[in-house]
Number of protein chains: 2
Amino acid sequence: MYICRMENTDHLKEILESHKLRITACRKNVLQFFLNRKAALSQSDLENQFTQYDRVTLYRTLNSFLDSGIIHKIPNSQGAAAYGLCHETCSPDHHDHNHIHFKCNQCGQIQCLDDKLVPEVTMPKGYMIEAVNMIVDGVCAKCA
Amino acid sequence: MYICRMENTDHLKEILESHKLRITACRKNVLQFFLNRKAALSQSDLENQFTQYDRVTLYRTLNSFLDSGIIHKIPNSQGAAAYGLCHETCSPDHHDHNHIHFKCNQCGQIQCLDDKLVPEVTMPKGYMIEAVNMIVDGVCAKCA
DNA sequence: TTAAATATGCAATAAAGTTGCATTTATGTA
DNA sequence: TACATAAATGCAACTTTATTGCATATTTAA
Ligand SMILES: [Mn+2]
Ligand SMILES: [Mn+2]
Ligand SMILES: [Zn+2]
Ligand SMILES: [Zn+2]
């Protein structure tokens, strides 16, 4: 995870550049929003926060972040898709997403537990593993 | 998992009755379809299979099965929701869903690996666990 | 057999995701 | 700096998925 909380424009620019994305106001704002947030974000979170941008633009911003490896999509059972920041080690080629996700049934927030790694798992003979996702549902520390 | 593959009407009736659901043709047909299938099913799978029923009826059939503990919802990152048969031990009160789900990126099928249990996991202090889901993506034995 | 409770079909609506295209903006090069 | 090119944005339209209301049909228990 990128360490700083209050980013300066240069830092945002660097992140976008290093992922081969053009620097635009929308992308910088959305990226900053992700960096300031602890929890995962959904498209509608962005729409509420950034009324100045068209929802399609925000949709495509999320897609460009996904494709370039800035964020990752978090599986869920219902509602809109949620997105979390990738580790700094992630790239479009090689992702490093072996952390557990937690969804609080009280406040609804979805969190990346970056230092809680998904345990190893074995598959039946003949199965090939490409990715493993673990989603824990419950009540978070704040809501408990 | 219910053992039989080709159910007789009585067996279907028993299952529905034991979950306190009224016996209807639609429910029996949908339940049979679940029992015959190995993979998880989506609403659109049902719509394709049962053109004689309104899609809202199929939607509510899935909901009644969900609420009564006949099926469970499987988290995914994209596309329509998938549903898998519950174990016989499941009830509305107590669910027993600690098995791994596998999604094949080739054929798209989602499978309940009923005998592959989700490994134990610990949360940070203060978190309460209510449910744990594990979804493995990859290539299934048939597609490999 | 009948009354009450529930399921179904149909219409309408909401929510979420996606595409095409004209216009604007960003970026590399002259 | 100016320009050409490639990419991003806004807007409209559309698709898919999910949800609700209500009249009618069916199931169930008395
Ligand atoms: Mn995450
Ligand atoms: Mn399952
Ligand atoms: Zn919470
Ligand atoms: Zn497969």
Side-chain angles (χ1 to χ4, degrees), chain A residues 9-10 12-33 40-68 70-83 92 108 110, chain B residues 9-10 12-33 40-68 70-83 92 108 110:
Chain A
T9 300
D10 279 356
L12 298 170
K13 214 175 141 183
E14 269 172 36
I15 295 173
L16 292 172
E17 266 172 356
S18 72
H19 288 85
K20 311 222 191 287
L21 290 179
R22 289 194 174 189
I23 319 302
T24 70
C26 180
R27 283 177 180 162
K28 282 194 285 190
N29 286 330
V30 171
L31 180 53
Q32 170 114 48
F33 192 46
L41 293 171
S42 67
Q43 159 101 23
S44 73
D45 289 332
L46 296 186
E47 288 177 21
N48 292 333
Q49 179 70 14
F50 300 110
T51 50
Q52 71 265 38
Y53 299 119
D54 192 85
R55 55 190 205 84
V56 177
T57 300
L58 295 169
Y59 167 77
R60 291 197 261 230
T61 298
L62 283 174
N63 270 356
S64 71
F65 284 10
L66 261 186
D67 292 344
S68 64
I70 292 177
I71 61 176
H72 58 279
K73 207 168 184 174
I74 303 168
N76 59 356
S77 328
Q78 60 196 15
Y83 303 87
I110 296 173
Chain B
T9 299
D10 280 354
L12 299 171
K13 214 175 142 184
E14 269 173 35
I15 295 173
L16 292 171
E17 266 172 356
S18 72
H19 287 86
K20 313 222 189 288
L21 290 179
R22 290 192 171 189
I23 319 300
T24 71
C26 180
R27 284 177 180 163
K28 283 193 285 190
N29 285 329
V30 170
L31 180 53
Q32 171 115 49
F33 193 46
L41 293 170
S42 67
Q43 159 101 21
S44 75
D45 289 331
L46 297 186
E47 289 177 21
N48 291 333
Q49 180 70 14
F50 299 109
T51 50
Q52 70 265 39
Y53 300 118
D54 192 85
R55 54 192 202 80
V56 177
T57 299
L58 296 170
Y59 168 77
R60 291 197 261 231
T61 298
L62 283 173
N63 271 355
S64 71
F65 283 11
L66 260 187
D67 292 344
S68 64
I70 292 178
I71 60 175
H72 58 279
K73 207 166 183 176
I74 304 168
N76 60 356
S77 329
Q78 58 195 17
Y83 303 87
I110 297 174

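Convention: sequence-line order gives letters A, B, ...; per-chain numbering from 1. Hydrogens, waters and symmetry mates are skipped; everything else that's a heavy atom, side chains included, is used.
In this structure, Asn29(A) places its CG atom 15 Å from C1' of dA8(D), rounding to the nearest Å. The interatomic distance linking Leu16(A) (CG) with dT27(C) (C1') rounds to 14 Å, in whole Å. If you take NZ of Lys28(B) and P of dT26(D), they are 14 Å apart, rounded to a whole angstrom. For the pair Asn63(A) CG and dA7(D) P, the computed distance is 16 Å after rounding to whole Å. Following rounding to the nearest Å, Leu66(A) (CG) and dG17(C) (C1') show an atom-to-atom distance of 13 Å.
Residues Ser64(A) and Asp67(A) bring no donor and acceptor atom of their side chains to less than 3.5 Å of each other.
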Under 3.5 Å, side-chain donor or acceptor atoms of residues 55-63 of chain A against the rest of the protein: list the pairs with distances, not counting sequence neighbours.
from: Thr61(A); atom 1: OG1; to: Thr57(A); atom 2: O; distance (Å): 2.7

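Taking 4.5 Å as the limit, some side-chain heavy atom of Arg27(A) sits within range of a side-chain heavy atom of Phe65(A).
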Exercise for review: Applying side chain to side chain contact (heavy atoms under 4.5 Å, CB included), run through Leu46(A) and Tyr53(A) and close with a yes or a no.
Suggested key: CA-CA 9 Å; Leu46(A) 296 186; Tyr53(A) 299 119; over 6 Å; no
Practice item. Start with the C-alpha distance between Ile23(A) and Leu12(A), add both sets of side-chain angles, then the distance that settles side chain to side chain contact (heavy atoms under 4.5 Å, CB included), and finish with yes or no. Key: CA-CA 9 Å; Ile23(A) 319 302; Leu12(A) 298 170; over 6 Å; no
Check your understanding: After noting the C-alpha distance and the side-chain angles of Gln49(B) and Leu41(B), does the key distance pass the side chain to side chain contact (heavy atoms under 4.5 Å, CB included) rule?
Key -> CA-CA 11 Å; Gln49(B) 180 70 14; Leu41(B) 293 170; over 6 Å; no
Practice item. Show your reasoning for whether side chain to side chain contact (heavy atoms under 4.5 Å, CB included) applies to Tyr83(A) and Ile110(A). Key: CA-CA 9 Å; Tyr83(A) 303 87; Ile110(A) 296 173; over 6 Å; no
Are any protein N/O atoms closer than 3.5 Å to N/O atoms in nucleotides 16-18 of chain D? If there are, list each pair with its distance.
from: dA18(D); atom 1: N6; to: Arg55(B); atom 2: NH2; distance (Å): 2.9

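Side-chain N or O atoms of Ser44(B) include none that pairs as donor or acceptor with a backbone N or O of Glu47(B) at under 3.5 Å.
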Study note, to complete from the structure: Expected string for nucleotides 3-10 of chain C under the B/S/- scheme (protein heavy atoms, under 4.0 Å, primed atoms plus P, OP1, OP2 as sugar-phosphate) is --BSSBBB
